2 protein chains.
Amino acid sequence: MLEAADRLLSEHGPSAVTHLRIAAEAGVSRATVYRHWPDRGSILLDLLRRSTELQVTTPPREVELATGVTILLRSFAAALSGEGGRTLAAMVGLAEWDEDVAAALRQMATIGPGMLEELLRRGVTEGELNPSVDVSLLVDRLIGPLYLRRLLYRDPIDDDVVERLVAATLAPPLRPT
Amino acid sequence: MLEAADRLLSEHGPSAVTHLRIAAEAGVSRATVYRHWPDRGSILLDLLRRSTELQVTTPPREVELATGVTILLRSFAAALSGEGGRTLAAMVGLAEWDEDVAAALRQMATIGPGMLEELLRRGVTEGELNPSVDVSLLVDRLIGPLYLRRLLYRDPIDDDVVERLVAATLAPPLRPT
DNA sequence: CTTGTATGATACAGACTGTATCATATGGCA
DNA sequence: TGCCATATGATACAGTCTGTATCATACAAG
């Protein structure tokens, strides 16, 4: 049933996730679907929680910080481009009027980049990053533009963008010399 | 009728924007609503296009670049915190399965920050910014974290965050000296 | 063999959709 | 004044979806 619901969500959006259609798709009685989830919200919530794993690659420990960050963000961008991005977009829309979805979204959005934060903190202790740097803000500054591209611009995030983002954010020659 | 629809959208979300309810709220016949909009999508699209104006303050010309950017981003953050943020979230969710909404969203997301880009380009020509800077990427790096906070974390964006973001992005002492 | 538990089948009232038809009002124009 | 176009109202219909309820059936554990 969850597989059927997942198909419906990804193909036709949240409003197509219907007890009736799930029953039909899954070859199951409508009553059964209602017994498992009293309303559409709970179906969606289950669905969203399941696909909440934006899989991210762990970069090897020995590489330079910027390289590690690039590797990590690239895999993150790839996850955003896949089915995870759709789920995320759906959640953003639903969260505005559903506190449970909002909580799940917040969790997804903060736990996901946890590995990046860890990587950056290691960069601080190992002297690659200035200790005065606000690490959690830095995480937002690295991830924010990726979300922006995926959710608002709806552009593909190519490797070049990630590279330029990391380069500009971690070693920026902004002011004229 | 659009006012009624707007109320329904902001109070109960896109799925509550119903020909029937609009008719009731607006004191109008259901048939009339159908005559103006054949389906829900067109209602929402009209609604979204109307409130697409994320009003942003123009900073005075004579201030320093960082100050100008801060002023602009603060007013942008304020717009995101208001009704514009809700509309935006709804659009993000809908755009995934509706090409028209996607186009409107893209327009909203690129035109809105146009003033910031202009400000930054002026910063380049006036020597406050290194000419080698990728301005459009810089725009994303400044705005992305704000969208991230509003749409994903759903945190209020206080002035302090904006200030730290601008400081870190425009003059970052990232590497240890 | 019995007792839960999950499921299937079916019914019902109600909301919502999208289309269609016919009547009514209103304002402009000859 | 009379005519006409346009917008609206009232109503109907078939269909989807919702949420609840009831009764029957299958199956596994005790």
Side-chain angles (χ1 to χ4, degrees), chain A residues 1-51 86-87 89-105, chain B residues 1-51 86-87 89-105:
Chain A
M1 289 161 73
L2 278 170
E3 287 170 25
D6 232 337
R7 251 195 325 275
L8 287 168
L9 174 61
S10 104
E11 283 172 22
H12 304 107
S15 66
V17 179
T18 282
H19 289 85
L20 200 63
R21 293 196 200 171
I22 294 174
E25 288 265 330
V28 137
S29 163
R30 191 167 72 90
T32 304
V33 187
Y34 272 101
R35 280 182 194 115
H36 284 263
W37 301 279
D39 51 41
R40 191 209 313 273
S42 56
I43 309 180
L44 288 175
L45 199 57
D46 266 23
L47 238 39
L48 300 178
R49 278 204 263 249
R50 280 175 95 234
S51 64
R86 294 211 105 154
T87 306
M91 287 182 85
V92 167
L94 295 172
E96 203 62 33
W97 294 276
D98 184 324
E99 225 8 86
D100 294 332
V101 174
L105 176 60
Chain B
M1 287 161 74
L2 278 170
E3 286 170 25
D6 232 338
R7 251 194 324 274
L8 287 168
L9 174 60
S10 105
E11 283 173 21
H12 304 108
S15 66
V17 179
T18 282
H19 289 85
L20 200 63
R21 292 195 202 173
I22 293 174
E25 288 264 332
V28 137
S29 165
R30 191 168 71 91
T32 304
V33 187
Y34 272 101
R35 279 180 195 118
H36 284 264
W37 301 278
D39 52 41
R40 191 208 315 271
S42 55
I43 309 180
L44 288 175
L45 199 56
D46 265 24
L47 238 40
L48 301 178
R49 278 204 263 250
R50 280 175 95 234
S51 65
R86 296 212 103 157
T87 306
M91 288 182 86
V92 167
L94 295 172
E96 203 63 32
W97 295 275
D98 184 324
E99 225 8 85
D100 294 332
V101 174
L105 176 60

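For clarity, every value in this text was computed on a predicted model and none was experimentally measured.
- Between the P atom of dG8(C) and the CD1 atom of Ile22(A) lies a distance of 14 Å, rounded to the nearest Å.
- Rounded to whole Å, the distance from CZ on Arg35(A) to C1' on dT20(D) is 11 Å.
- When all heavy atoms of Leu44(A) and Pro14(A) are compared, the closest pair comes out as CD1-CB, 4.0 Å.
- Within 6.0 Å of atom CD in Glu11(B), more than 12 heavy atoms from other residues, nucleotides or ligands are found, so the atom counts as buried in its surroundings.
- In this structure, Arg86(B) contributes its side chain and Glu96(A) its backbone to a donor-acceptor pair below 3.5 Å.
- Note that the CG atom of Leu105(A) and the CG atom of Leu94(A) stand 9.5 Å from one another [nearest 0.5 Å].
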Give me the distances for all protein-to-nucleotides 26-28 of chain D N/O pairs that come in under 3.5 Å?
none

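- Scanning all heavy atoms of the two residues, the minimum distance from Ala90(B) to Trp97(A) falls at CB-CH2, 3.7 Å.
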Between the protein and nucleotides 16-19 of chain D, list every N/O to N/O distance that falls short of 3.5 Å.
| residue | atom | partner | partner atom | Å |
| --- | --- | --- | --- | --- |
| dC17(D) | OP1 | Arg21(A) | NE | 2.8 |
| dC17(D) | OP1 | Arg21(A) | NH2 | 2.8 |
| dT18(D) | OP2 | His19(A) | N | 3.3 |
| dG19(D) | N7 | Arg30(A) | NH1 | 3.3 |
| dG19(D) | O6 | Arg30(A) | NH2 | 2.7 |

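- At least one side-chain nitrogen or oxygen of Thr32(B) sits closer than 4.0 Å to the OP1 or OP2 atom of dG9(D).
- For Ser15(A), there are no side chain to side chain contact (heavy atoms under 4.5 Å, CB included) partners at least two apart in sequence or on another chain.
- Rounded to an integer number of Å, the gap from His36(B) NE2 to dT17(C) P is 17 Å.
- For the segment residues 3-15 of chain B, no residue has any heavy atom less than 4.0 angstrom from an atom of DNA chain D.
- Side-chain atoms of Ile43(A) and His19(A), non-hydrogen and from C-beta on, do get closer than 4.5 Å to each other.
- Taking Asp6(A) as the reference, Arg50(A) meet the salt bridge (Lys or Arg N to Asp or Glu O under 4.0 Å) condition, with sequence neighbours excluded.
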Counting only pairs under 3.5 Å, give me each side-chain donor-acceptor contact of residues 21-36 of chain A, with atom names and distances, residues two or more places apart or in other chains.
| residue | atom | partner | partner atom | Å |
| --- | --- | --- | --- | --- |
| Glu25(A) | OE1 | Arg7(A) | NE | 3.3 |
| Glu25(A) | OE1 | Arg7(A) | NH2 | 3.1 |
| Ser29(A) | OG | Ala31(A) | N | 3.1 |

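- Residues Asp100(A) and Leu45(A) share a closest heavy-atom pair of CB-CD2, 3.5 Å.
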